[in-house]
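Accompanying notes for the structure given below.
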Amino acid sequence: TEQGYRKDIRELDSYAEDISRFGTHFVLNENKRVPNNKQIVDEASELLQSDNEVQASEIIERIEGRNDPAIKVFRFQGSNELVKHIKPLLSDLKDGKKKWTDYVVLMDSHNKQLFERLSDIELIKELKPENVKYEENRLGLTTILSYKGLETKHVILILNNRETIDKFELYVGMTRAMYDLEILLLDKPNSSN
């Protein structure tokens, strides 16, 4: 109230007193990133309570065991299988059955070889700071941490099963999804088949 413009005339102290006595005060000390989907919020919040570095496979097994409808997990033995899994989505997007800007593919930062392979696919576009809000008819692809602060309806999160992943990076990836999250777990990341 001391910084209020012409506070002496407007009686701001009495207004502040009324608000403090009769108003409601909310403390937001939890994850509120994804208000549309409680399952994703719960999983992400639990992740923050785990150790700093966790095996991706441990997190995935826990998520699979809960069978939350908002989070689907798929496992692949090689990058070819993973690419085949993404192709029907690309077809639906191209045919107009789904909206391009409702989807994004996020990858952990240790999967550079697969990242390059996916960014070479015709209907996939690497997102960079200068084009992150594009309206082009291509599926956006970027690293998890590059998408921090943004969100979209449907997130496809690609993780390398053989690597440890920082819990903060995984948390960021999970909480970019507003409606649902699809986790693609690559068991043999350097395999070409």
Side-chain angles (χ1 to χ4, degrees), residues 28 30-50 54-76 79 81-109 111 114-115 118-119 121 123-127 132-161 165-187 189:
L28 302 178
E30 301 176 8
N31 174 8
K32 299 296 181 192
R33 289 280 310 143
V34 191
N36 296 336
N37 200 301
K38 186 172 178 354
Q39 290 90 6
I40 296 172
V41 171
D42 290 347
E43 291 295 340
S45 295
E46 189 171 316
L47 174 66
L48 284 180
Q49 298 169 6
S50 67
V54 293
Q55 285 293 118
S57 59
E58 293 172 18
I59 300 295
I60 302 307
E61 286 174 16
R62 187 177 72 223
I63 290 171
E64 284 178 312
R66 293 189 179 147
N67 200 21
D68 289 328
I71 307 173
K72 292 184 175 46
V73 177
F74 298 92
R75 293 175 180 270
F76 302 95
S79 58
E81 287 182 19
L82 189 140
V83 170
K84 285 179 188 175
H85 178 81
I86 294 174
K87 295 259 179 170
L89 172 63
L90 291 173
S91 180
D92 286 349
L93 291 166
K94 185 177 180 181
D95 294 343
K97 295 176 184 173
K98 297 180 179 180
K99 190 174 175 187
W100 292 98
T101 54
D102 287 348
Y103 290 84
V104 70
V105 176
L106 303 178
M107 296 183 65
D108 69 77
S109 56
N111 234 334
L114 180 59
F115 188 92
L118 289 175
S119 63
I121 295 175
L123 296 174
I124 295 179
K125 178 175 184 143
E126 180 182 353
L127 297 179
V132 77
K133 288 291 184 183
Y134 75 101
E135 293 293 328
E136 202 173 312
N137 288 343
R138 291 182 14 182
L139 179 61
L141 167 72
T142 191
T143 62
I144 293 169
L145 295 179
S146 295
Y147 210 68
K148 183 180 177 203
L150 301 171
E151 58 187 12
T152 194
K153 293 179 182 178
H154 313 283
V155 170
I156 300 167
L157 185 60
I158 299 176
L159 301 174
N160 181 345
N161 193 21
I165 185 168
D166 181 77
K167 72 175 182 177
F168 177 73
E169 186 174 4
L170 186 53
Y171 171 84
V172 168
M174 291 175 72
T175 58
R176 302 307 93 197
M178 294 166 58
Y179 296 161
D180 56 60
L181 174 67
E182 193 171 291
I183 299 173
L184 309 184
L185 191 65
L186 186 59
D187 285 329

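Worth knowing before you read on, the calculation uses all heavy atoms, side chains too, and leaves out hydrogens, waters and symmetry mates.
Relative orientation of the Y103 and H154 rings is parallel, given thresholds of 30° and 60° on the angle between their planes.
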Exercise for review: May I have the step-by-step check of side-chain contact (heavy atoms from CB on, under 4.5 Å) for E81 and R75, ending in yes or no?
Suggested key: CA-CA 9 Å; E81 287 182 19; R75 293 175 180 270; over 6 Å; no

Review point. What's the verdict on side-chain contact (heavy atoms from CB on, under 4.5 Å) for R176 and V104, showing C-alpha distance, side-chain angles and the deciding distance?
Key: CA-CA 9 Å; R176 302 307 93 197; V104 70; 5.7 Å; no

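Between S79 and L186, the closest heavy-atom pair is N-CD1, 3.7 Å. Taking all atoms of both residues into account, the shortest heavy-atom contact from L139 to I86 is CD2-CG2, 4.4 Å. Of all the heavy atoms in D108 and L159, the pair that sits closest is OD2-CA, 3.3 Å. Heavy-atom minimum distance, I124 versus L141: CG2-CB, 3.6 Å. Here the closest heavy-atom approach between residue W100 and residue R138 is recorded as CE3-C, 3.2 Å. Closest approach of I40 to A177, counting heavy atoms only: CD1-CB, 3.9 Å.
Side-chain atoms of L82 and F74, non-hydrogen and from C-beta on, never get closer than 4.5 Å to each other.
The distance from the CG atom of L90 to the NE2 atom of H85 is 11.0 Å, given to the nearest 0.5 Å.
Distance alone, capped at 3.5 Å, is enough to place a donor-acceptor pair between the T152 side chain and the D102 backbone.
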